[in-house]
Amino acid sequence: QVQVVESGGGVVQPGGSLRLSCAASGTIFSINTMGWYRQAPGKQRDLVASITNDGIINYADSVKGRFTISRDNAKNSVYLHMNSLKPEDTAVYHCSCRMGAANFWGKGTLVTVSS
């Protein structure tokens, strides 16, 4: 089994920065893709950013130029550095780890952007 745990959420003012962390543990052979998704109340869970095992990165248009995703394969971890935060970035951010056809999710960490 695989466990995924996020951390780093909190309250930040518009224009501020926040860094999210995610660590996977358990029976792990090789994580193909790690990513961050976010979900606001009553909304769809949408992709924020993803990164493959060989470093291919994809960002949602809404966060391009503001967010940076990175990973540490030795630690089975992925990070999301968020800059120039906007109120519309407010959501629960979930970490995803893909191993082959399986996808494992964390419980999420809340990010609130408010003045």
Side-chain angles (χ1 to χ4, degrees):
Q1 61 181 12
V2 176
Q3 295 80 45
V4 179
V5 180
E6 308 97 334
S7 63
V11 180
V12 64
Q13 293 185 345
S17 299
L18 208 59
R19 183 176 183 265
L20 306 183
S21 299
C22 170
S25 62
T27 306
I28 299 175
F29 296 96
S30 181
I31 301 176
N32 300 116
T33 303
M34 305 187 78
W36 290 94
Y37 292 71
R38 65 187 181 187
Q39 187 171 26
K43 302 292 185 179
Q44 185 89 14
R45 182 180 296 186
D46 294 323
L47 174 71
V48 177
S50 64
I51 181 168
T52 68
N53 59 336
D54 52 352
I56 300 175
I57 295 174
N58 184 49
Y59 294 104
D61 289 340
S62 59
V63 306
K64 285 182 179 178
R66 300 189 298 122
F67 291 9
T68 302
I69 189 171
S70 61
R71 65 188 287 173
D72 186 337
N73 292 332
K75 299 182 182 295
N76 293 318
S77 297
V78 64
Y79 310 93
L80 186 68
H81 188 191
M82 305 182 292
N83 297 313
S84 302
L85 283 162
K86 305 175 180 179
E88 50 263 46
D89 294 318
T90 297
V92 176
Y93 284 70
H94 296 265
C95 178
S96 174
C97 300
R98 184 180 181 185
M99 298 177 59
N103 210 33
F104 301 91
W105 295 89
K107 296 291 291 184
T109 184
L110 178 62
V111 172
T112 302
V113 184
S114 176
S115 59

side-chain contact (heavy atoms from CB on, under 4.5 Å) between Ser62 and Arg38, intermediate numbers included: CA-CA 12 Å; Ser62 59; Arg38 65 187 181 187; 3.3 Å; yes
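- Between the side chain of Glu6 and the backbone N or O of Gly108 there is at least one donor-acceptor pair closer than 3.5 Å.
- Ring orientation note: the planes of Trp105 and Tyr37 are nearly perpendicular, at an angle over 60° on the 30°/60° scale.
- With rounding to the nearest 0.5 Å, the separation of NE2 in His94 from CG in Leu20 is 11.5 Å.
- The only member of Ile57, Thr33, Ile56, Val78 that meets side-chain contact (heavy atoms from CB on, under 4.5 Å) when paired with Ser50 is Thr33.
- Counting non-hydrogen atoms of neighbouring residues, nucleotides and ligands closer than 6.0 angstrom, the CD atom of Gln1 reaches no more than 12 such neighbours.
- For the atom pair OH of Tyr79 and CG of Asp72, the computed distance is 5.0 Å after rounding to the nearest 0.5 Å.
- A heavy-atom distance below 4.5 Å is found between the side chains of Leu85 and Phe67.
- Contact detail for Asn32 and Gly100: the closest heavy-atom pair is OD1-N, 2.6 Å.
- Going from atom CD1 of Ile69 over to atom NE2 of His81 covers 13.5 Å, rounded to the nearest 0.5 Å.
- With Cys95, the cysteine Cys22 has an SG gap short of 2.5 Å.
- By the criterion of side-chain heavy atoms lying less than 4.5 angstrom apart, applied directly or through intervening Ile, Leu, Val, Met, Phe, Trp or Tyr residues, Ile28 is grouped together with Met34 in one hydrophobic cluster.
- In this structure, Asp89 does not pair ionically with Lys86, as no charged nitrogen and carboxylate oxygen lie closer than 4.0 Å.
- For the atom pair CZ (Arg98) and OG (Ser30), the distance works out to 12.0 Å, reported to the nearest 0.5 Å.
- Note on Val92 and Val111: separate hydrophobic clusters, where clusters join Ile, Leu, Val, Met, Phe, Trp and Tyr whose side-chain heavy atoms are under 4.5 Å apart, directly or indirectly.
- Heavy atoms only, all atoms of each residue included: Ser70 and Ile51 are closest at CA-CD1, 4.3 Å.
- Taking all atoms of both residues into account, the shortest heavy-atom contact from Ala40 to Ala91 is N-CB, 4.0 Å.
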Criterion side-chain contact (heavy atoms from CB on, under 4.5 Å) on Arg66 and Tyr59, from CA distance to verdict: CA-CA 10 Å; Arg66 300 189 298 122; Tyr59 294 104; over 6 Å; no
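- Here the closest heavy-atom approach between residue Val4 and residue Cys97 is recorded as CG2-SG, 4.0 Å.
- Atoms CD1 and CG, from Ile31 and Asn73 in turn, are 8.0 Å apart once rounded to the nearest 0.5 Å.
- Side-chain contact check for Met82 versus Val113: every heavy-atom pair is 4.5 Å or farther apart.
- One finds the OH atom of Tyr93 at 7.5 Å from the CG atom of Leu80 (value rounded to the nearest 0.5 Å).
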